[in-house]
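Quick notes on the structure that follows.
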Amino acid sequence: MVWQRDVDLVVPLWQGGDDVRVAPGSAALARQVPSGGSRLHISVTDGPRQVVGGVLNLETVAQTQRRIRDRLARRDPARTLTLGGDCASDLAAVQHLAARYPGMACYWVDAHPDLNTPESSPSGRAHGMVLRALLGQGHGMLTGDGAALAARDVTLVGTRSFDPAEAEVVRAQGLAVAGPEAVVADPEGVAARRTAGTPAYVHVDVDVCDPAEVPAVACPEPGGPPVEAVARVLAALARHHTVVGIGVCEYAPVIEHDPKRLTVLLSALGLCDPVV
């Protein structure tokens with residue numbers, strides 16, 4: 001079944017991770033995913049490569065968020081698909097949908113939790129601060145009007161690489177974590193703790209999969225679940241919830257890989273036809 005939405009956002013943002021290889025990922029994804037009816041290509045301008053307030057390329061990342069927020073404010077879509085770009089590509093979309101659906105569940109399907117702040121980040125890269133910004137903590141140019149999500153509504157899925165400060169946030173704020181083992185062993189259980197039929201956002205960083213199967217990512221992290229296991233979880237989320245938003249990020253198509261692996265993930269969410 002095709003997932004119905006109001007707008008597709010194609011966002012070739014790479015400055016959040018400072019890795020230009022993910023910029024063509026948005027166009028490559030757009031070629032694989034048939035349009036949902038309205039498709040907007042967000043321009044990303046090159047700015048100075050500098051650190052502002054502890055965040056590398058902050059001005060370019062923030063300018064891109066403003067452009068996306070302006071488009072969303074004018075259209076006020078009830079459902080959005082973001083094709084990135086790095087993990088900062090769908091920040092504004094999550095903020096928009098969270099305001100529309102208070103208490104919206106968010107599944108962060110990612111090898112990394114993206115829970116740093118400018119103060120805690122070892123790299124200063126914004127793509128590792130996105131979920132923390134959505135929780136209302138971090139640089140004001142990323143957090144916007146404050147917390148979009150509550151910690152109780154967030155589940156980390158397939159996550160396995162935590163910086164010390166990120167691990168402490170998970171512990172202190174009580175974020176739910178379904179690690180690689182849980183993804184493989186109990187795909188239905190990832191969503192089972194939340195009420196069926198409620199609104200949910202699904203953020204998919206392609207690096208959630210083991211890089212032996214999907215090497216075309218910016219930040220490969222060994223020890224991930226296989227593609228088929230991740231796809232089973234994504235399909236389970238789509239069955240359990242009313243999915244109101246999806247973001248697919250950090251795909252680097254210039255790295256040699258089997259595109260059919262990506263199709264398995266996309267089709268699990270109803271974004272394209274399954275592999276035959």
Practice problem: Establish whether Leu262 and Leu269 are linked, either directly or via other cluster members, by ILVMFWY side-chain heavy-atom contacts under 4.5 Å. | Solution: yes
Self-check item: Pairwise distance CG(Leu115) to CD(Glu168) - rounded to 0.5 angstrom
Solution: 11.5 Å
Self-check item: Cluster check Val230, Val243: I/L/V/M/F/W/Y, side chain < 4.5 angstrom
Solution: yes
Exercise. Please answer whether the main-chain N or O of Ala105 pairs with a side-chain N or O of Asp153 as donor and acceptor at a distance below 3.5 Å.
Key: no
Quiz prompt | Side chain to side chain, Val154 and Leu135, heavy atoms closer than 4.5 Å | solution = yes
Practice problem: For Ser26 and Val11, run side chain to side chain contact (heavy atoms under 4.5 Å, CB included): C-alpha distance rounded to whole Å, both residues' side-chain angles, the deciding distance at 0.1 Å, then the answer. | Solution: CA-CA 6 Å; Ser26 60; Val11 186; 5.7 Å; no
Quiz item: Got a salt bridge between Asp19 and Arg125, using NZ or NE/NH1/NH2 to carboxylate O under 4.0 Å?
Solution: no
Quiz prompt | Side-chain H-bond candidate by donor/acceptor type, Ser38 with Arg75, under 3.5 Å | solution = yes
Practice problem: Please examine the side chains of Arg239 and Glu188, heavy atoms only from C-beta on, and report whether any two atoms are closer than 4.5 Å. | Solution: yes
Quiz item: What are the two closest heavy atoms between Ala78 and Asp6, and how far apart are they?
Solution: N-OD2, 2.7 Å
Quiz item: How far apart are the closest heavy atoms of Ala165 and Ser120, and which atoms are they?
Solution: CB-CB, 3.5 Å
Self-check item: Validation row: Val233, Val109 side chains within 4.5 angstrom (heavy atoms)
Solution: no
Self-check item: Non-hydrogen side-chain atoms of Ile68 and His96 separated by less than 4.5 Å
Solution: no
Quiz item: Is the backbone N or O of Gly247 less than 3.5 Å from a side-chain atom of Tyr201, with the two atoms forming a donor-acceptor pair by type?
Solution: yes
Quiz item: What distance separates Gln63 CD from Ile42 CD1, expressed to the nearest 0.5 Å?
Solution: 11.5 Å
Practice problem: Verify the distance criterion only: is there a donor paired with an acceptor across the side chains of His203 and Asp90 at less than 3.5 Å? | Solution: yes
Quiz prompt | Test item: Glu250 side-chain N/O and Ala218 main-chain N/O as donor-acceptor pair under 3.5 Å | solution = no
Practice problem: Locate the shortest heavy-atom distance separating Arg49 from Leu56; write the atom from each residue and the value. | Solution: NH2-CD2, 3.9 Å
Quiz prompt | Test item: Asp207 side-chain N/O and Val217 main-chain N/O as donor-acceptor pair under 3.5 Å | solution = no
Practice problem: May I ask you to test the Pro12-Pro24 pair for a side-chain heavy-atom distance under 4.5 Å? | Solution: no
Quiz item: With side chains defined as the heavy atoms from C-beta onward, is the minimum distance between Leu81 and Trp3 less than 4.5 Å?
Solution: yes
Quiz prompt | Main-chain N/O of Gly17 paired with Asp86 side-chain donor or acceptor, under 3.5 Å | solution = yes
Quiz prompt | Test item: Thr242 side-chain N/O and Gly197 main-chain N/O as donor-acceptor pair under 3.5 Å | solution = yes
Practice problem: Begin with the C-alpha distance, continue with both residues' side-chain angles, and end with the deciding distance and a verdict on side chain to side chain contact (heavy atoms under 4.5 Å, CB included) for Asp76 and Arg100. | Solution: CA-CA 9 Å; Asp76 192 26; Arg100 190 179 180 104; 3.0 Å; yes
Exercise. Search all heavy atoms of Pro113 against all heavy atoms of Leu156 and return the closest pair with its distance.
Key: CB-CD1, 4.0 Å
Practice problem: Could you tell me whether Asp145 atom CG has more than 12 heavy atoms of other residues or ligands within 6.0 Å of it? | Solution: no
Self-check item: Main-chain N/O of Asp210 paired with Glu213 side-chain donor or acceptor, under 3.5 Å
Solution: no
Self-check item: Whether Arg152 side chain and Gly174 backbone form a donor-acceptor pair below 3.5 Å
Solution: no
Quiz item: Hey, quick one: are Met141 and Trp14 part of the same hydrophobic cluster, counting side-chain heavy atoms closer than 4.5 Å, chains of contacts allowed?
Solution: no
Self-check item: Flag side-chain contact, heavy atom, 4.5 Å: Leu271 against Arg5
Solution: yes
Quiz prompt | Donor-acceptor under 3.5 Å (Arg194 side chain, Ala200 main chain) | solution = no
Quiz item: Are Val248 and Val264 grouped together when hydrophobic residues (ILVMFWY) are joined by side-chain heavy atoms under 4.5 angstrom apart?
Solution: yes
Self-check item: Which atom of Met129 lies closest to which atom of Gly54, heavy atoms considered
Solution: CE-O, 4.0 Å
Quiz item: Could you go step by step and tell me if Asp46 and Thr60 meet the side chain to side chain contact (heavy atoms under 4.5 Å, CB included) rule?
Solution: CA-CA 7 Å; Asp46 286 333; Thr60 299; over 6 Å; no
Quiz item: Any idea which heavy atoms bring Val130 and Ala88 closest together, and the distance?
Solution: CG2-CA, 3.7 Å
Quiz item: Side chains of Gln137 and Gln173: donor-acceptor distance under 3.5 Å anywhere?
Solution: yes
Quiz item: Are Arg69 and Gln95 linked by a side-chain donor-acceptor pair shorter than 3.5 Å?
Solution: yes
Quiz prompt | Same apolar cluster (I L V M F W Y, side chains within < 4.5 Å links), Leu175/Val204 | solution = no
Quiz item: What do the steps show when you test His112 against Glu166 for side chain to side chain contact (heavy atoms under 4.5 Å, CB included), and what is the final call?
Solution: CA-CA 9 Å; His112 312 89; Glu166 295 178 307; 5.6 Å; no
Quiz item: Do Arg79 side-chain atoms and Pro77 backbone N/O form a donor-acceptor pair below 3.5 Å?
Solution: no
Exercise. Would you mind reporting whether Thr155 and Arg193 have side-chain heavy atoms less than 4.5 Å apart?
Key: yes
Quiz prompt | Asp70 and Arg66 ion-paired at < 4.0 Å | solution = no
Exercise. Tell me whether the centres of the aromatic rings in His257 and Tyr251 are closer together than 6.0 Å.
Key: yes
Quiz item: Can you tell me how far the OG1 atom of Thr80 sits from the CG atom of Leu72, to the nearest 0.5 Å?
Solution: 6.5 Å
